[in-house]
Engineer: 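Quick one: the structure is below, and I'll ask about it shortly.
Numbers for residues simply follow the sequence, beginning at 1. Since the structure is predicted, the reported quantities are computational estimates derived from the model, not experimental observations. For ligands, and for the atoms within them, numbers begin at 1 and follow the listed sequence.
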Amino acid sequence: MCGIVGYIGDKEAVPILLKGLKKLEYRGYDSAGIAVQGKTGLVVRKAKGLIKNLEEKINAEFAGPGTHEFKDAEGIRGFAGIGHTRWATHGEPSDVNSHPQTDVSGKIAVVHNGIIENHGKLKEWLTTRGVTFQSETDTEAVANLISYHYKGDLLQAVLETVGRLEGSWGLGIVCTNEPDRIIAVRKESPLVVGIGKGENLIASDVPALLEYTREVYYLEDREIAVLHKDHVDFYNDEGQAIQKEKTHIEWDAASAEKGGYEHFMLKEIHEQPKALTDTLRPRLSGGADTKGAASGGSADAKGAALSAAGARKINLDEIGFDASWAQANRVVITACGTAWHAGVIGKYAFEHFARIPVDVDVASEFRYRDPILNPKDIFIIISQSGETADTLAAMRMAKKGGARIIAITNVVGSTLAREADLVMYTWAGPEIAVASTKAFTTQLMCINLIALQFGVLRGVISPAQLKEYIGALEALPAQAEKILKGKENIQRFASQQFNKGKVFFMGRLFDYAASLESALKLKEISYTHSEAFAAGELKHGPIALVDTSTLVVALCTQSALFDKMESSITQVKARGAAVAAITYEDSDRFDRLADEVFRIPRTDDGLTPILSVIPAQLFAYYCAVQRGLDPDKPRNLAKSVTVE
Ligand code: F6R
């Protein structure tokens with residue numbers, strides 16, 4: 001995820017901004033930039049890659065190498081400014097796409113975390129009013145919209161602008177005409193205001209502030225902070241002054257990086273509701289929430305909102321997906337590891353929603369087989385990093401065979417993203433823990449959206465069914481949140497089971513596919529011997545291993561097959577295994593049989609893996625912690641496998 005810092009005070013802003021950005025490096029980023037209120041206007045400097053690149057650029061221009069003393073460099077001297085580390089969303093990592101983004105006059109600079117969903121419409125609208133855009137970013141639309149509304153009062157311009165935005169944002173804003181203030185505003189993207197002595201700061205995350213203060217205000221959704229060097233004023237989205245309560249930060253620097261969580265993995269597990277929302281929302285249109293746009297007050301904004309209303313549908317225009325894609329004869333999904341598990345679930349989803357033949361293949365197998373390829377095939381290649389060697393090789397082979405490629409990846413500008421015909425990004429933000437969690441569930445969100453769109457275009461799904469499915473997708477983030485609220489139950493269970501010699505995960509259909517990922521999570525971070533099998537296979541082999549030292553986790557969410565799961569559970573219980581069931585919260589079917597039941601909210605049976613994997617992720621995490629292991633850095637594993 002991107003990082004924001006801002007400073008206003010008596011000190012030189014540049015070194016403070018750079019230092020603050022470095023404190024946010026752990027979040028992952030691909031470029032960085034700053035904007036400072038210099039003597040003759042805003043000084044903006046940006047660089048692709050590491051903060052070091054930005055620093056070198058600034059030093060080469062304004063100071064000697066390795067020094068931050070800009071005494072002889074009036075150009076960059078300034079006592080207020082904003083900085084940003086970018087994790088690319090709209091537009092690949094590059095100097096021009098880095099933040100801060102400025103308006104055409106260069107008088108307003110903006111740093112932004114989040115996604116402006118209606119940036120396309122806003123850019124069109126601004127273009128008709130003479131704005132020429134330099135970057136591919138959504139943020140440049142915000143800078144120019146503020147500029148459009150600016151009539152001498154930055155706060156008023158920001159209020160009018162955010163009233164017209166859809167999506168999520170944490171924004172830091174400066175304007176040359178008002179050098180004595182920085183404005184910060186948020187919706188669904190964290191921002192914290194730090195109160196210093198003769199200086200005030202903003203940051204997207206506490207570690208950037210800790211060197212200067214431990215007294216902070218957390219901004220709530222749609223609140224605005226106006227920072228001066230000696231005081232900060234807070235407003236609501238109607239511009240009325242509000243009072244806020246200060247918080248004293250107790251965390252040390254290390255736990256601050258993890259947002260107070262003990263490990264990145266736990267933090268990332270908890271980020272799933274937001275990641276799911278961010279991945280889903282930009283791909284839906286019609287029947288939109290018109291509140292934001294309508295309250296902006298302008299006729300243009302209201303018009304845009306009204307035209308967006310109507311039946312809710314999946315909209316993949318953004319990725320260039322049109323009806324021609326759905327005419328494929330066959331879909332082939334290839335990936336590795338967790339991403340391959342998302343592919344297995346994808347196969348079931350495509351069959352369920354779109355009634356099209358699907359093959360799913362481990363990329364390292366596919367590339368060395370002699371697969372039969374056809375130009376009417378569509379390949380879906382899934383990779384969190386977009387850099388996995390086997391996955392890339394499989395994609396290139398499919399391309400050579402004439403197939404068209406859809407990539408699902410989390411990294412903008414990755415090799416996979418560059419080489420595929422279409423790219424659908426998972427908006428999960430950077431994943432730091434080696435074991436994939438939020439990348440996996442957002443991959444599932446993407447594949448379900450594509451499968452549903454295939455279903456619509458192939459006439460398999462009726463408008464009424466689509467409405468129901470979309471409703472089910474939209475409910476998932478809150479349902480995931482509900483599961484996370486029950487994590488103590490899973491922690492307790494893990495504290496009883498973490499020393500089990502073997503753990504098996506079993507299920508049928510979507511539950512089998514989710515079992516694959518559940519078993520992988522447990523083995524990779526807790527080093528417990530765990531396997532997954534289709535429950536129907538029990539009698540064909542795995543049951544030979546079941547004894548009193550075994551824990552069997554039975555995933556039971558496929559309603560038509562509850563009887564079958566009941567029978568499988570009975571069989572493993574008869575051999576002395578302990579059994580935990582993961583099932584719907586409104587079903588008591590397995591209460592009598594299982595030793596422990598974890599419940600997930602009711603959804604479409606085809607969407608359950610997005611929810612049922614969460615208890616399994618938590619179980620793996622707590623088992624690893626109980627065993628004294630570091631879940632973020634499992635032995636022998638790397639986050640990105642760029643060699644064979
Ligand atoms: C497991 C895990 C790996 C990756 C695999 C593919 O938690 O993260 O199994 O899924 O190495 O990586 P990507 O998705 O980057 O291609």
Side-chain angles (χ1 to χ4, degrees), residues 28 87 263-266 268-269 271-272 275 279 333-346 360-367 379-396 398 405-420 423-447 505 513-528 530 532 609 613-614 616-621 623-624 629-644:
W87 168 265
H263 296 98
F264 283 112
M265 181 178 178
L266 191 59
E268 286 160 9
I269 290 172
E271 283 169 353
Q272 288 179 110
T279 303
I333 308 176
T334 47
C336 300
T338 287
W340 174 67
H341 298 153
V344 176
I345 294 166
V360 57
D361 239 321
V362 170
S364 55
E365 286 293 302
F366 176 83
R367 66 180 290 196
F379 270 67
I380 300 183
I381 313 277
I382 310 175
S383 171
Q384 186 281 130
S385 62
E387 301 294 349
T388 301
D390 284 322
T391 307
L392 292 177
M395 174 194 61
R396 287 170 186 149
I405 314 286
I406 302 176
I408 297 178
T409 181
N410 198 35
V411 181
V412 175
S414 57
T415 308
L416 178 61
R418 290 198 309 274
E419 294 187 21
V423 189
M424 185 162 187
Y425 288 109
T426 48
W427 296 133
E431 210 178 43
I432 291 163
V434 167
S436 203
T437 52
K438 59 179 181 168
F440 174 70
T441 43
T442 52
Q443 283 163 358
L444 294 183
M445 183 60 91
C446 285
I447 203 123
F505 290 82
S515 294
L516 294 168
E517 174 60 8
S518 305
L520 178 68
K521 281 297 84 99
L522 186 64
K523 78 171 67 138
E524 66 184 340
I525 61 166
S526 78
Y527 316 148
T528 306
S530 61
V613 77
I614 297 174
Q617 293 168 342
L618 287 165
F619 180 64
Y621 170 80
C623 284
L629 302 169
D630 178 355
D632 287 343
K633 295 192 191 89
R635 68 184 180 203
N636 307 337
L637 294 175
K639 185 70 190 157
S640 185
V641 186
T642 53
V643 289
E644 269 192 79

Engineer: Check this for me, if you would: do E419 and R396 make a salt bridge, where the nitrogen-to-carboxylate-oxygen distance has to be below 4.0 angstrom?
Structural biologist: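 Counted as a salt bridge, because a side-chain N and a carboxylate O are separated by less than 4.0 Å.
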
Engineer: Considering only protein heavy atoms, which is closest to atom 15 (O) of ligand 1, and at what distance to one decimal place?
Structural biologist: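 For atom 15 (O) of ligand 1, the nearest protein heavy atom comes out as S385 OG, 2.6 Å.
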
Engineer: Please check if any side-chain donor atom of K438 sits under 3.5 Å from a side-chain acceptor atom of T426, or the reverse.
Structural biologist: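 Checked: K438/T426 side chains show no N/O donor-acceptor pair below 3.5 Å.
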
Engineer: For atom 11 (O) of ligand 1, what is the closest protein heavy atom, and at what distance to 0.1 Å?
Structural biologist: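 The answer is V641 CG2, 4.0 Å.
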
Engineer: Should you measure from each heavy atom of A435, which atoms of ligand 1 turn up under 4.0 Å away?
Structural biologist: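 In order of numbering, the contacting atoms are 7 (O).
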
Engineer: Can you sort out which atoms of ligand 1 are near V434, meaning under 4.0 Å from one of its heavy atoms?
Structural biologist: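 Selected atoms, number and element: 8 (O).
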
Engineer: So which atom in A407 and which in L416 form the shortest heavy-atom distance, rounded to 0.1 Å?
Structural biologist: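 Looks like CB-CG, 3.6 Å.
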
Engineer: Give the atom numbers and elements of ligand 1 that come within less than 4.0 Å of a heavy atom of K521.
Structural biologist: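 Per the distance check, 1 (C), 7 (O).
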
Engineer: Relative to the heavy atoms of S383, which atoms of ligand 1 are at a distance of less than 4.0 Å?
Structural biologist: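 Reading through ligand 1 atom by atom, the close ones are 13 (P), 14 (O), 15 (O), 16 (O).
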
Engineer: Return the closest protein heavy atom for atom 2 (C) of ligand 1 as residue, atom name and distance.
Structural biologist: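 Sorting protein heavy atoms by distance from atom 2 (C) of ligand 1 puts T338 OG1, 3.6 Å first.
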
Engineer: Can a donor-acceptor pair be found between the side chains of Q384 and S436 at a distance below 3.5 Å?
Structural biologist: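 There is no such pair between these side chains.
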
Engineer: Only heavy atoms of E524, strictly under 4.0 Å: list the atoms of ligand 1 that pass.
Structural biologist: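 Close to E524: 1 (C), 7 (O).
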
Engineer: Just checking, is any N or O donor in the side chain of T415 or E387 under 3.5 Å from an acceptor N or O on the other one?
Structural biologist: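 On atom types as modelled, these side chains qualify, holding a pair under 3.5 Å.
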
Engineer: Does only the side chain of L637 get under 4.0 Å from ligand 1, or the backbone, or both, or neither? Count heavy atoms.
Structural biologist: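 L637 to ligand 1: no contact under 4.0 Å from either part.
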
Engineer: For atom 12 (O) of ligand 1, what's the nearest protein heavy-atom neighbour? Residue, atom name and distance, please.
Structural biologist: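 Among all protein heavy atoms, the one nearest atom 12 (O) of ligand 1 is T388 OG1, 3.5 Å.
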
Engineer: Name the closest protein heavy atom to atom 14 (O) of ligand 1, giving the residue it belongs to and the distance to 0.1 Å.
Structural biologist: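 Closest protein heavy atom to atom 14 (O) of ligand 1: Q384 N, 2.6 Å.
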
Engineer: Which is it for F366 and F379 under the ring-ring contact (aromatic ring centres under 6.0 Å, His included) test, yes or no, and what are the steps along the way?
Structural biologist: CA-CA 12 Å; F366 176 83; F379 270 67; 5.4 Å; yes

Engineer: List every atom of ligand 1 that sits less than 4.0 Å from any heavy atom of A339, numbering the atoms from 1 in the order shown and giving each element.
Structural biologist: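 Atoms satisfying the 4.0 Å criterion: 10 (O), 14 (O).
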
Engineer: Just verifying a value: how many Å separate D361 CG and T334 OG1, rounded to the nearest 0.5 Å?
Structural biologist: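 So the CG of D361 and the OG1 of T334 are separated by 7.0 Å.
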
Engineer: Considering the heavy atoms of S436, write down every atom of ligand 1 situated less than 4.0 Å from one of them.
Structural biologist: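 Result: 7 (O), 8 (O).
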
Engineer: Closest approach of E268 and I432, non-hydrogen atoms and distance?
Structural biologist: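 For E268 and I432, the tightest heavy-atom pair comes out as OE2-N, 2.6 Å.
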
Engineer: Among protein heavy atoms, which lies nearest atom 5 (C) of ligand 1, and at what distance?
Structural biologist: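 Ranking protein heavy atoms by distance from atom 5 (C) of ligand 1, first comes C336 O, 3.6 Å.
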
Engineer: Please report the shortest heavy-atom distance between T279 and Y425, naming the atom on each side.
Structural biologist: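 So the minimum-distance heavy-atom pair works out to CG2-O, 4.3 Å.
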
